[in-house]
Amino acid sequence: MVAVLQRDLRLSIRQKQDLLNPLLFFVMVVALFPLGVSPESEFLKEAGAGILWVGALLATLLSLDHLFRFDYEDGTLEQMALQPQPLFVLVLAKTLAHWLATGLPLVILTPMLGMMLFLDGNSVAILCLTLLIGTPVLSLIGSVGAALTVGLRAGGVLLSLLVIPLYIPVLIFGTGTVMAAAGGSDVSGHLALMAAMLMLAVILAPLAAAAALKISLSAS
């Protein structure tokens, strides 16, 4: 698992274009939204959490198609499936590497973009916390869709149709937590529910993705 994690991180660093594309997309979505809708500070303060969460969701979705595809095309994925180690452990390592290369940088960029949208310090802190919990869930759920579509030529469109409905609860609770914090409410319940989503995703998503990969490999 550690070897797969280190390998995927090294490959992500070498492929700088694939590493930077989701981050640039995230920044562009957030920067262009005020120009296309309204630059009023009150509106942006109210909608800022939703804008940042939608941007993070779409940026994560943009990078999911490459999660297994390169390994599938060069035969590495078949070799992983033949290893004595359980396949779900290797899938978990690849998903963790994907989050470290994509999700974590989105969280790091969020404070700067949050201030640009006139969010106060407490709202930015809660937003970063929700993204820190929620973006791994996005990567884990997305790994199942990526595994199902890895052998398809036009898998990117189908991948979006598969995983976006599953992303909706994470999006709702992520934005709802920030809005509740801005209104002065206790957000411990919201955070506990998001943590429960993360635990379920860590347990179930690698198993489902491993089974989907076996189906995709057997069908190819």
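Val27 and Leu19 fall into different hydrophobic clusters, where Ile, Leu, Val, Met, Phe, Trp and Tyr residues are linked whenever their side-chain heavy atoms come under 4.5 Å apart, directly or through other members. Cluster membership check: Val30 does not share its hydrophobic cluster with Leu32, using side-chain heavy-atom separations under 4.5 Å among Ile, Leu, Val, Met, Phe, Trp and Tyr. Following chains of ILVMFWY side-chain contacts shorter than 4.5 Å, one cannot reach Phe43 starting from Met179, and the two form parts of different hydrophobic clusters. The hydrophobic clustering, which links ILVMFWY residues whose side-chain heavy atoms are closer than 4.5 Å, places Val37 and Leu117 together. Following chains of ILVMFWY side-chain contacts shorter than 4.5 Å, one can reach Met116 starting from Ile108, so the two form part of one hydrophobic cluster.
Distance check: Leu77 CG to Leu217 CG gives 5.0 Å after rounding to the nearest 0.5 Å. Here the CG atom belonging to Leu127 is positioned 4.5 Å from the OG1 atom belonging to Thr130, to the nearest 0.5 angstrom. Note that CD of Glu42 and CD of Glu46 are 8.5 Å apart. Values are rounded to the nearest 0.5 Å. Taking CD1 of Ile126 as the start and CG of Leu191 as the end, the distance is 6.0 Å to the nearest 0.5 Å. In this structure, CG in Leu20 is found 11.0 Å from OG in Ser12, a value given to the nearest 0.5 Å. The line from CH2 of Trp53 to OG1 of Thr177 is 8.5 Å long, rounded to the nearest 0.5 Å.
Shortest non-hydrogen contact noted between Ala97 and Leu9 is O-CD2, 3.8 Å. Annotation for Ser216 and Ala147: closest pair OG-O, 2.7 Å, computed over non-hydrogen atoms. Residues Pro105 and Leu23 approach most closely at CB-CD2, 3.5 Å, considering heavy atoms. For Leu131 against Ala56, the heavy-atom pair with the smallest separation is CD2-CB, 4.0 Å. Val178 approaches Ser123 most closely through the heavy-atom pair CG1-O, 3.9 Å. Leu52 approaches Gly114 most closely through the heavy-atom pair CD1-CA, 3.9 Å.
A heavy-atom distance below 4.5 Å is not found between the side chains of Thr95 and Pro206. With a 4.5 Å cut-off on side-chain heavy atoms, Cys128 and Pro111 count as touching. Side chains of Leu62 and Phe26 form no contact here, defined as non-hydrogen atoms less than 4.5 Å apart. Counting heavy atoms from C-beta on, the side chains of Tyr72 and Glu78 never come closer than 4.5 Å. Proximity of Pro86 to Val89: side-chain heavy atoms (C-beta onward) are separated by under 4.5 Å at one or more points.
A distance-only check finds no donor-acceptor pair linking the side chain of Tyr167 to the backbone of Leu57 [under 3.5 Å]. Judged by distance alone, with hydrogens and angles left aside, the side-chain atoms of Thr102 form no donor-acceptor pair with the main-chain N or O of Trp99 at under 3.5 Å. Within the 3.5 Å criterion, the main-chain N or O of Pro136 finds no donor-acceptor partner in the side chain of Ser139. For Ser185 (side chain) and Ala181 (main-chain N/O), no donor-acceptor pair under 3.5 Å exists by modelled atom type.
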Could you go step by step and tell me if Leu113 and Leu119 meet the side-chain contact (heavy atoms from CB on, under 4.5 Å) rule?
CA-CA 9 Å; Leu113 298 175; Leu119 295 178; over 6 Å; no

Candidate pair Ser38 and Leu44, rule side-chain contact (heavy atoms from CB on, under 4.5 Å), full reasoning:
CA-CA 8 Å; Ser38 173; Leu44 293 176; over 6 Å; no

Met80 and Lys94: side-chain contact (heavy atoms from CB on, under 4.5 Å), yes or no, with the steps?
CA-CA 11 Å; Met80 288 183 177; Lys94 291 183 70 65; 4.2 Å; yes

side-chain contact (heavy atoms from CB on, under 4.5 Å) evaluation trace for Arg7 with Thr76
CA-CA 12 Å; Arg7 169 187 174 272; Thr76 304; 3.7 Å; yes

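Arg10 is linked by a salt bridge (charged side-chain N to carboxylate O under 4.0 Å, His left out) to nothing, counting only residues two or more places apart in sequence or in another chain.
The closest side-chain donor-acceptor pair between Ser63 and His98 falls under 3.5 angstrom.
The side-chain contact (heavy atoms from CB on, under 4.5 Å) test with Leu159 singles out one residue from Val150, Ile164, Thr149, and that residue is Thr149. Screening Val163, Val137, Leu106, Ile141 for a side-chain contact (heavy atoms from CB on, under 4.5 Å) involving Thr60 leaves a single residue, Leu106.
In the displayed structure, Met28 atom CE is contacted under 6.0 Å by at most 12 heavy atoms of other residues, nucleotides or ligands. Environment of CD in Glu40: sparse, with no more than 12 heavy atoms of neighbouring residues, nucleotides or ligands closer than 6.0 Å. Counting non-hydrogen atoms of other residues, nucleotides and ligands closer than 6.0 Å to CZ of Phe173 gives a total of 12 or fewer.
A salt bridge is defined here as a Lys NZ or Arg NE, NH1 or NH2 lying under 4.0 Å from an Asp or Glu carboxylate O, and Lys45 with Asp120 fails to meet this definition. In summary, Arg69 and Asp74 do not engage in a salt bridge, as defined by a charged side-chain N under 4.0 Å from a carboxylate O.
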